[in-house]
Amino acid sequence: MKTLNDLNDGQIAKIGSYKRTQGVSRRLMELGLMPGVTVRFIKSAPLGDPIALDVGGRQLSLRREDAAQIIVQPV
Amino acid sequence: MPKLANNGVSSDRLRRVALIGNPNTGKSTLFNCLTGLRQKVGNYSGVTVQKKTGITLIGTERVEILDLPGTYSLAATSPDERVVVDALRGEVENLDRPDIVLCIVDATNLQRNLFLAFQIGQLGVPMVLALNYWDTAQKRNIAIDIEGLKEKLGIPIVPISASRAEGITELKDAVIQALDEKPKLISPTWPESIEEAISGVRSELPEPVSARIDDAALMRGIFESDEEIFKRAGASGLETQEALEISKKALFKGGLNPANAEAVLLYRHIKEHVEPCISARDSSRIAGSESIDSLLTHKVWGLIAFLALMYLVFQSVYSWAGPFMDLIDMGKSVVQDTVSNVLSGWPMIESLVADGIIEGVGAVVIFLPQIMILFFFISLLEDTGYMSRAAFLMDKLFSWCGLSGKSFVPLLSSYACAIPGVMATRTIQDSKARLVTILVAPFMSCSARLPVYVLMIGAFIEPRYGAAVAGAVLFLMHFVGLLVAMPFAYLMNKYILKTPPQPFLLELPSYQIPKVRDVMLKMYSQGKEFVVNAGTVIFAITIIIWALLYFPRTESVEIETREAFVSEIAAQNGWTEEFALASIHEDEAIVAALDHKVSSAFIEQSWMGRIGKTVQPVFAGAGFDWKITVGVIASFPAREVIISTLGIIYSLGGDVDEEAGDLREAMASQKWQSGPKAGMPIFTIPVVIALMVFFALCQQCGATLAVIAQETSWRWAALSFGFMTILAWLASIGINQVGSWF
């Protein structure tokens, strides 16, 4: 089971579901990280954390800790 | 008599428009475009959220614009978002409910931006929609069927390009029309389970409580599992829990997850009803930004570019402001001298005006160059989109102690001066992270501490251990505060604010060319606000300290000092006292020495001197005598004051600086007059270190306190003061005690 945290630079994946649904997930979903949405892992910051994603043409950055909550299906 | 405006509404209450939108939608640019210099900045009472209002002229009517904090959602997870909902519902103290909302959305990212618009629409506030970045959308062949969209949403929609001031007239017309017609956004048709949740909750709540919550508020309560809404209506904890339980069950029964029901339903609605009006989305915008980022957030080059930029920002505040500050200082001296000459017949008035009032004005104005230069760079960094990249690069260094990468620039600035540093925390949206950053900022070693370090190291460390050790000590002193600040931030977050885990979300907006007007307006408004709010307090503190150092001024002190001085000169030279009295006036150096002795005597018996002697036992553990104690206390309004105060106390006059040889000698020759250590030097190495660490950790800056109060509240300013002072006191005692064992 892969999470958003496990992707490599440039890899594209489809968001599946969230491991924990409380708290963190609402804010991420409001920003468009909805199940079914395709995202591209752009890169991680020079110090390894956080990561940058392409979500529907926008660059969003989140910490690896939060990214690890999101199960993805690489495409 | 209130005159009637052409709309027939009494003009003593302006009609009010709330401006709202996602971050990075060009909201500030639109706000500046509408209001220009007619802006007012303040705080919402009780929270550290900035409140901006302005006036715009539409036809002949003056309309008030309330610029709400940028937010992605109304779900209140932070005080900023709570303020947005409260302001829209008219539940903020001294703030009327807005007549309409002007919602600004990014035309190139309509889906996500409309999420917020639908949430606002659900509250029942009339709305006008401004589609910003219309030019960019067209360049990228994003075709939006505005007529179709108007039909789906039921509200006026105006395409604009705020940065080029295009579409503003049309937008103003739409706003004025909407103020009369009150068009409302057509809300999605909610599934039955939502209706069931609402009626279920209503039947669970006692009648009077239920009556106080309207359906719009109830829906927010259900979607967010927000207890606050129920509690405010007077529901007990138990009733709130049960109501939320019922709503969750109803949602589950309808196949919805209460944690994300709103996001799922709204995005489904947007997909079905809004997306058909948009065609051809391409992502060339992100491609452009990404190629810049391949350099600016690169593992090596990105960090180098970052360090170079930050060095530039730091230098600008630390050095470039110098000449302006010198100029202000010089101007102040000229005015002081002039006034002194004019008022020389009235010594008390002369001192009040020169050392109190003019000094106080100078103490405020002196900070303006640093504040305005820093905000020049901050505006550039923010408006280009680089600020988010800086946060992206630095986040890892700060995340462990509950801060984020956004704390970097404010903390770096605080190394020059905590005042612009604290004001720079406005770039941090999350208000708890902002509060913690504000509280740790004064720990950073600001430039006012440098003279103290230079004096102490130059007088005691360098002569004994050489230049290399002296340099190392000076370097280390700059990290003392940082070493304390990070764990402090960690503990603050964990135990005092008890911050629940928040996802760190950072949008990396597309790079943009900043607007000159936005940059200038930011510099102007920050400077103005500082002078008006913090400036008043700084001025008052300066006057109070002046009074403590001046009063009580009994003539007898001067006479006694003179007599003692004359007898001393007479005895030294074998003269009669009459001859000594006559001859000392011929030698300027002796006259100056006498004046310095008189000043020293005055300060000793002033209120400040008496406080110093009374308080001295408190600092005995740190090895400070009453003179150092007076210096320490007199420098609570501003650290650098210790140099001139010590100069006066050691009878060298107040014009000494930290490089002065005679001040160093005077300090080195100070010995205990009595007590167990009689005859021993006062300034031992442990005392010197203790004193430097005291200055490193103590909150000795009235201006910083005033700015903390301006940005948060006096409660937090008091906490900052109390905590830092006690910490500095304990540390100085600990260092002296431990150091004395060796």
Side-chain angles (χ1 to χ4, degrees), chain A residues 3-5 7-72 75, chain B residues 22 24 72-73 75 77 106 108-109 111-112 115-116 119 223-225 257-264 266-268 281-287 289-290 293-294 297-303 306 388-389 391-397 399 404-405 500-510:
Chain A
T3 69
L4 206 46
N5 192 24
L7 298 179
N8 299 318
D9 288 11
Q11 212 175 346
I12 295 173
K14 198 176 225 177
I15 294 182
S17 58
Y18 283 71
K19 282 187 185 169
R20 271 188 294 132
T21 48
Q22 286 305 314
V24 172
S25 73
R26 183 207 315 271
R27 190 37 47 98
L28 296 174
M29 286 196 188
E30 284 172 347
L31 276 155
L33 286 163
M34 296 287 295
V37 166
T38 305
V39 297
R40 180 168 56 94
F41 188 102
I42 300 174
K43 60 170 146 185
S44 51
L47 303 175
D49 196 14
I51 60 170
L53 299 172
D54 172 355
V55 184
R58 298 286 126 166
Q59 278 198 69
L60 277 186
S61 171
L62 49 155
R63 288 187 183 147
R64 288 192 171 275
E65 176 189 4
D66 297 324
Q69 299 300 320
I70 306 174
I71 298 163
V72 294
V75 289
Chain B
N22 281 192
N24 310 306
Y72 295 109
S73 158
T77 52
D106 180 348
T108 66
N109 191 19
Q111 287 90 330
R112 196 191 75 198
F115 181 87
L116 178 68
Q119 286 186 321
F223 281 144
E224 295 173 37
S225 304
N257 179 348
N260 57 33
E262 186 180 31
V264 169
L266 275 184
Y267 272 115
R268 190 186 294 161
R281 231 193 38 220
D282 87 326
S283 53
S284 60
R285 178 169 175 171
I286 192 170
S289 281
E290 253 187 78
D293 273 338
S294 63
T297 58
H298 186 267
K299 279 185 166 51
V300 180
W301 304 121
L303 287 177
F306 172 78
S388 306
R389 270 75 181 185
F392 177 69
L393 292 173
M394 286 297 112
D395 185 63
K396 182 91 188 274
L397 293 181
S399 56
S404 80
Q502 275 283 318
F504 167 78
L505 270 169
L506 188 67
E507 190 175 0
L508 305 175
S510 307

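Order of the sequence lines sets the chain letters (A, B, ...), proteins ahead of strands, with each chain counted from 1.
A donor and an acceptor atom, one from each side chain of A/Q59 and B/D293, are located under 3.5 Å apart. Donor-acceptor pairing under 3.5 Å is lacking for the side chains of B/S399 and A/R64.
Rounding to the nearest 0.5 angstrom, the gap separating the CG atom in A/D54 from the OG atom in B/S289 is 11.0 Å. To the nearest 0.5 Å, atoms CG (B/N260) and CG (A/L28) are separated by 11.0 Å.
Listed options B/H298, B/E224, B/E262 were ranked by heavy-atom pairs under 4.5 angstrom with chain A; first place goes to B/E224. Comparing A/P35, A/A52, A/G48 by how many heavy-atom pairs each has under 4.5 Å with chain B, the most go to A/A52. Interface summary for chain A: among B/R389, B/K396, B/M394, the most heavy-atom pairs under 4.5 angstrom belong to B/K396. Heavy-atom pairs under 4.5 Å with chain A were tallied for B/L303, B/V300, B/N109; the largest tally goes to B/N109. Chosen from B/L397, B/T297, B/L116, the residue pairing most often with chain A at heavy-atom distances under 4.5 Å is B/T297.
A heavy-atom distance below 4.5 Å is found between the side chains of B/D106 and A/R58.
Of all the heavy atoms in B/A263 and A/M29, the pair that sits closest is CB-CB, 3.8 Å.
Heavy atoms closer than 4.5 Å to chain A are found in both the backbone and the side chain of B/V264. Neither the backbone nor the side chain of B/N22 comes within contact range of chain A; no heavy atom of the residue lies under 4.5 Å from a heavy atom of that chain. B/S404 touches chain A through backbone and side chain together, each having a heavy atom under 4.5 Å away. Both the backbone and the side chain of B/F392 come within contact range of chain A, judged by heavy atoms closer than 4.5 Å. Contacts between B/L393 and chain A at a heavy-atom distance below 4.5 Å involve backbone atoms as well as side-chain atoms.
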For B/L506 and A/L60: C-alpha separation, side-chain torsions, deciding distance, then whether side chain to side chain contact (heavy atoms under 4.5 Å, CB included) applies. CA-CA 6 Å; B/L506 188 67; A/L60 277 186; over 6 Å; no
Just do the side chain to side chain contact (heavy atoms under 4.5 Å, CB included) check on A/L31 and B/L505 with the steps written out, would you? CA-CA 9 Å; A/L31 276 155; B/L505 270 169; 3.2 Å; yes
Stepwise side chain to side chain contact (heavy atoms under 4.5 Å, CB included) check, A/E30 with B/Y72: CA-CA 7 Å; A/E30 284 172 347; B/Y72 295 109; 5.5 Å; no
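Taking a cutoff of 4.0 Å between a charged side-chain nitrogen and a carboxylate oxygen, B/E290 and A/R40 qualify as a salt bridge.
Using modelled atom types, one side-chain atom of A/R26 and one backbone atom of B/F223 make a donor-acceptor pair closer than 3.5 Å. Between the side chain of A/R27 and the backbone N or O of B/S73 there is no donor-acceptor pair closer than 3.5 Å.
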